[in-house]
**Student:** 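Input: one structure, supplied below.
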Amino acid sequence: MSKPMTQMKQLTSSRSNAQYKKRRFQIAVSCLLLLLMMLLAVYRWDGFLLPRHESKAQALIDPSMLDERMHYQIYEVNEDYVTGFCISPVYEQDELMIYLMNQPESKVDIQLVILDPEGQIKAKSGLLSPGEMLAGIKVKALEKQFRVEVLAYEQGTHYSAGVLRVKTSWIDALEE
């Protein structure tokens, strides 16, 4: 004797099916909103990433300890932005000994940028807080003539507080 075949029928209007469709719609709308917010954020982003604090930062030294041939110079850009560095730094073994110092009376964080004569960035430091200095920075294949930019950022907000630009050249290793 053969058994009668029962036919299975899909319920399309069940309560669980309606909840499933509603949940799927909510997830799709949430994903779409998230995607739109991300696209808006990327569209409005100006490309600025806050630099990190310089890992090689150290306490200030007395500039009179530096060799006179390096010509250490202090620049008072404004009352909140006082910095100093050697305008004739020593360059040897891919390291530029520039002795960038953020003076204690400064109220800004500074960052060193080394550019070639065409304006291409050759090296960038991290941020230096007031009372800190950076003795040297690694720079590969630096031409004799180059530009130094010292960027200043307001503490806390990191808005631009100015920039100091100097054209200079390096000197060979100092002989005793």
Side-chain angles (χ1 to χ4, degrees), residues 37-176:
M37 289 184 345
M38 287 175 41
L39 288 174
L40 181 64
V42 169
Y43 175 74
R44 294 186 45 86
W45 181 51
D46 63 0
F48 176 75
L49 292 176
L50 180 66
R52 298 192 187 284
H53 187 265
E54 177 58 52
S55 60
K56 295 181 188 173
Q58 49 189 314
L60 293 178
I61 61 171
D62 182 8
S64 64
M65 295 172 42
L66 300 174
D67 192 295
E68 291 176 0
R69 294 173 286 182
M70 293 176 71
H71 299 102
Y72 182 81
Q73 177 88 32
I74 292 182
Y75 297 91
E76 187 169 341
V77 179
N78 61 44
E79 61 189 34
D80 293 336
Y81 180 10
V82 182
T83 187
F85 59 90
C86 297
I87 57 173
S88 297
V90 173
Y91 181 63
E92 63 179 343
Q93 297 176 351
D94 292 337
E95 183 146 15
L96 187 68
M97 300 306 294
I98 195 159
Y99 293 96
L100 174 67
M101 298 184 196
N102 194 2
Q103 301 301 317
E105 61 268 20
S106 279
K107 295 181 177 99
V108 296
D109 292 334
I110 60 173
Q111 178 184 28
L112 174 68
V113 180
I114 305 294
L115 302 109
D116 64 15
E118 291 79 38
Q120 299 297 315
I121 295 175
K122 300 296 279 180
K124 239 184 204 186
S125 75
L127 291 178
L128 295 173
S129 300
E132 292 183 333
M133 72 167 238
L134 176 66
I137 188 168
K138 290 281 186 194
V139 185
K140 296 273 187 201
L142 184 63
E143 296 178 33
K144 185 82 171 172
Q145 302 290 320
F146 64 97
R147 288 186 358 217
V148 173
E149 288 186 356
V150 182
L151 310 175
Y153 300 98
E154 292 177 2
Q155 291 184 319
T157 64
H158 291 95
Y159 291 129
S160 176
V163 62
L164 171 65
R165 292 182 176 96
V166 178
K167 289 183 181 179
T168 189
S169 60
W170 53 265
I171 59 175
D172 292 321
L174 298 172
E175 310 270 328
E176 292 297 320

**Student:** Using the rule side chain to side chain contact (heavy atoms under 4.5 Å, CB included), only one of D109, L164, V113 pairs with L151; which is it?
**Tutor:**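 Checked D109, L164, V113 against L151; only one passes side chain to side chain contact (heavy atoms under 4.5 Å, CB included): V113.
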**Student:** Any chance you could measure D80, atom CG, to K107, atom NZ, to the nearest 0.5 Å?
**Tutor:**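 The distance works out to 4.5 Å.
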**Student:** Please report the interatomic distance CD1(I87) to OH(Y72), rounded to the nearest 0.5 Å.
**Tutor:**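 It comes to 11.5 Å.
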**Student:** Could you go through E76 and E105, starting from their C-alpha distance and side-chain angles, then the distance that decides it, and tell me whether this counts as side-chain contact (heavy atoms from CB on, under 4.5 Å)?
**Tutor:** CA-CA 10 Å; E76 187 169 341; E105 61 268 20; over 6 Å; no
**Student:** Please check if the number of heavy atoms outside K144 that lie under 6.0 Å from its NZ is greater than 12.
**Tutor:**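 Yes, enclosed.
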**Student:** Going by the side chain to side chain contact (heavy atoms under 4.5 Å, CB included) test, name the single residue among I114, L134, I110 that passes it with S125.
**Tutor:**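 Exactly one candidate clears the test, L134.
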**Student:** Got a second to check how far M70's CE is from Y99's OH, nearest 0.5 Å?
**Tutor:**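 Spacing of CE (M70) from OH (Y99) equals 5.5 Å.
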**Student:** Assess the pair F85 and Y75: is the distance between their ring centroids shorter than 6.0 Å?
**Tutor:**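 Distance test on ring centres: under 6.0 Å, yes.
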**Student:** Where do N78 and A161 come nearest, in terms of heavy atoms and distance?
**Tutor:**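 N78 and A161 have their closest heavy atoms at ND2-O, 4.2 Å.
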**Student:** State the CE-CD distance between M133 and Q103, to the nearest 0.5 angstrom.
**Tutor:**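 CD of Q103 is found 11.0 Å from CE of M133.
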**Student:** What verdict does the side-chain contact (heavy atoms from CB on, under 4.5 Å) test give for L127 and E132, after you've listed the backbone C-alpha separation in whole Å, the side-chain angles of each residue and the deciding distance to 0.1 Å?
**Tutor:** CA-CA 10 Å; L127 291 178; E132 292 183 333; over 6 Å; no
**Student:** Using a 6.0 Å cut-off, check whether atom CD of E118 has over 12 heavy atoms from anything other than its own residue.
**Tutor:**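 More than 12 within 6.0 Å, yes.
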**Student:** Could you grab the distance from atom OG of S88 to atom CD of Q73, nearest 0.5 Å is fine?
**Tutor:**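 Atom-to-atom, S88:OG and Q73:CD are 10.0 Å apart.
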**Student:** List the steps, then state whether side-chain contact (heavy atoms from CB on, under 4.5 Å) holds for E54 with L112.
**Tutor:** CA-CA 10 Å; E54 177 58 52; L112 174 68; over 6 Å; no
**Student:** Where is the tightest heavy-atom contact between Q93 and K138, given as atom of each residue plus distance?
**Tutor:**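 Of all heavy-atom pairs spanning Q93 and K138, the closest is O-NZ, 4.2 Å.
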**Student:** Looking only at heavy atoms, which two atoms of I121 and K124 are closest? And how far apart?
**Tutor:**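 The answer is CD1-CE, 4.0 Å.
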**Student:** Report the distance from atom CD of Q111 to atom NE2 of H53, rounding to the nearest 0.5 Å.
**Tutor:**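 Result: 12.0 Å between the selected atoms.
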**Student:** Between I98 and W170, is the side-chain contact (heavy atoms from CB on, under 4.5 Å) condition met? List the steps.
**Tutor:** CA-CA 9 Å; I98 195 159; W170 53 265; over 6 Å; no
**Student:** Which pair of heavy atoms, one from Y91 and one from A141, lies closest together, and at what distance?
**Tutor:**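 What the structure gives for the nearest pair is OH-N, 3.3 Å.
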**Student:** Are the side chains of T83 and V108 in contact, using a 4.5 Å heavy-atom criterion?
**Tutor:**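 SC-SC contact between V108 and T83 ruled out.
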**Student:** Shortest non-hydrogen contact from P104 to P130?
**Tutor:**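 That closest heavy-atom pairing would be O-CB, 4.0 Å.
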**Student:** Can you give me the closest heavy-atom contact between A123 and V139, atom names plus distance?
**Tutor:**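 The answer is CB-CG2, 3.7 Å.
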